[in-house]
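Structure, as structure tokens:
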Amino acid sequence: MSGCEARDAKKLVRSPSGLRMVPEHRSARSPFGLDEPPWVPDKECPRCMQCDTKFDFITRKHHCRRCGKCFCDKCCSKKVPLPRMCFVDPVRQCAECALISQKETEFYDRQLKVLMNGATFFVTLGTSDKSELMVCRLSNNQRYLVLDGDSHYEIEIMQISTVQILTEGFTPGGGNTRAIGMILQYKVPGSEELTQMKFTASEDFSCNKKVSASWLAAMHKVSK
């Protein structure tokens with residue numbers, strides 16, 4: 001097993017909420033992940049925290065896996081995927097949390113996959129007038145933006161301070177702009193100064209401008 005594979009290794013763990021596939025090393029956790037919330041103790045919730053129904057032998061209490069609050073079955077019946085907490089199977093959530101988790105499904109199923117697949121850009125570092133053709137992608141553990149060309153860079157997502165998507169084109173009614181590039185500012189470990197990178201989609205059809213535009217759109221979604 002290589003060092004990178006060892007760093008990204010995962011293990012199956014069982015918690016009161018269900019089975020989770022989590023990184024073996026905490027340092028390899030995704031910056032998009034969430035910790036499991038503490039459950040409201042049973043003795044502190046004699047009634048449903050949504051509809052105020054009293055719990056008894058027939059009306060049982062259930063804890064939402066996302067917020068940890070206590071609900072009756074009617075108010076906490078949905079089982080929804082919760083990838084931000086690394087659950088293997090869909091888990092029980094209250095109506096409010098289920099709606100949030102369902103919206104996040106698109107983020108995990110679409111945007112993250114696009115970013116991890118990568119795209120090709122001309123990358124300019126700082127104030128340099130020279131650019132380099134590089135493949136840019138999100139690392140498997142989602143912690144780094146990896147750039148590969150003649151040079152190699154790994155930018156920690158948590159060190160990125162600003163993301164500005166560059167666009168062109170419009171219609172009289174508005175909209176229909178096309179993402180053509182990005183300006184990224186980030187901190188290099190050990191320094192408080194910001195470093196800037198400019199990404200420009202290649203005009204070369206072989207580099208697939210459509211893929212680059214989709215990658216930039218996903219990056220914009222992540223940076224919101």
Side-chain angles (χ1 to χ4, degrees), residues 8 10-23 25-55 59-117 137-145 156-165 175 179 182 184 213-224:
D8 293 341
K10 295 184 177 182
K11 60 182 178 181
L12 190 65
V13 299
R14 181 180 293 277
S15 74
S17 298
L19 286 173
R20 301 169 66 220
M21 184 65 76
V22 301
H25 304 284
R26 192 172 180 83
S27 60
R29 288 186 54 183
S30 167
F32 307 113
L34 290 175
D35 290 325
E36 283 189 82
W39 283 10
V40 174
D42 286 350
K43 62 182 179 181
E44 293 181 12
C45 54
R47 294 177 177 274
C48 174
M49 300 178 78
Q50 177 65 40
C51 70
D52 205 38
T53 296
K54 185 176 181 179
F55 295 122
T59 305
R60 310 298 296 273
K61 59 186 66 174
H62 302 277
H63 286 86
C64 171
R65 272 47 175 175
R66 187 179 182 111
C67 68
K69 294 180 180 178
C70 200
F71 303 92
C72 67
D73 181 69
K74 190 176 293 186
C75 294
C76 193
S77 61
K78 293 186 177 182
K79 288 191 175 182
V80 180
L82 186 46
R84 293 189 71 184
M85 290 184 191
C86 303
F87 283 110
V88 174
D89 300 308
V91 290
R92 188 184 291 269
Q93 297 176 58
C94 67
E96 183 178 349
C97 287
L99 184 61
I100 295 172
S101 295
Q102 286 169 342
K103 288 181 178 179
E104 290 175 348
T105 298
E106 180 187 355
F107 170 75
Y108 272 84
D109 287 349
R110 296 183 185 180
Q111 277 82 26
L112 277 186
K113 287 183 179 179
V114 168
L115 291 174
M116 292 170 73
N117 286 337
R137 63 177 180 83
L138 189 66
S139 64
N140 290 337
N141 62 16
Q142 302 158 10
R143 293 183 61 87
Y144 297 91
L145 190 61
E156 190 171 4
I157 295 297
M158 299 300 289
Q159 296 297 324
I160 295 175
S161 58
T162 60
V163 175
Q164 177 187 354
I165 302 300
M182 173 178 71
L184 193 77
S214 297
W215 194 92
L216 290 169
M219 192 67 185
H220 179 59
K221 188 90 171 180
V222 168
S223 63
K224 283 185 177 179

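The structure displayed is predicted, hence computed values, not measured ones.
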May I ask you to say whether R65 pairs ionically with E36, meaning some side-chain N is under 4.0 Å from a carboxylate O?
no
Taking D73 first and then R92, would you say they form a salt bridge - that is, a charged N and a carboxylate O separated by under 4.0 Å?
yes
Start with the C-alpha gap between L12 and R20, add the side-chain angles, then the distance that decides, and say whether side chain to side chain contact (heavy atoms under 4.5 Å, CB included) holds.
CA-CA 6 Å; L12 190 65; R20 301 169 66 220; over 6 Å; no
Which atom pair, heavy atoms only, marks the closest approach of [X] to [Y]?
{"X": "K113", "Y": "Y108", "value": "CG-O, 3.9 Å"}
{"X": "W215", "Y": "V114", "value": "CD1-O, 3.4 Å"}
{"X": "S17", "Y": "V91", "value": "O-CG1, 3.9 Å"}
{"X": "F71", "Y": "C48", "value": "CA-SG, 3.7 Å"}
{"X": "M219", "Y": "L115", "value": "N-CD2, 3.8 Å"}
{"X": "R137", "Y": "M116", "value": "CB-O, 3.8 Å"}

Atom CD1 in I100, atom CD in Q102: separation rounded to 0.5 Å?
10.5 Å
Rounding to 0.5 Å, atoms OH (Y144) and CE (M158) come to a distance of 11.5 Å
Can you list the steps and then say if L112 with L138 is a side chain to side chain contact (heavy atoms under 4.5 Å, CB included)?
CA-CA 8 Å; L112 277 186; L138 189 66; 3.6 Å; yes
Pairwise side-chain contact, Q142 with I157, heavy-atom cut-off 4.5 Å (strictly under):
no
May I ask you to test the M85-P37 pair for a side-chain heavy-atom distance under 4.5 Å?
yes
Should the pair F32 and F107 be assigned to parallel (<30°), tilted (30 to 60°) or perpendicular (>60°) ring geometry?
perpendicular
Does the side chain of S101 come under 3.5 Å of the side chain of R66 through a donor N or O and an acceptor N or O?
yes
How far apart are the C-alpha atoms of K69 and H63, what are their side-chain angles, what is the distance that settles it, and do they pass the side chain to side chain contact (heavy atoms under 4.5 Å, CB included) test?
CA-CA 6 Å; K69 294 180 180 178; H63 286 86; over 6 Å; no
Taking atom CE of M21 as the centre, does the number of heavy atoms from other residues, nucleotides or ligands within less than 6.0 Å exceed 12?
yes
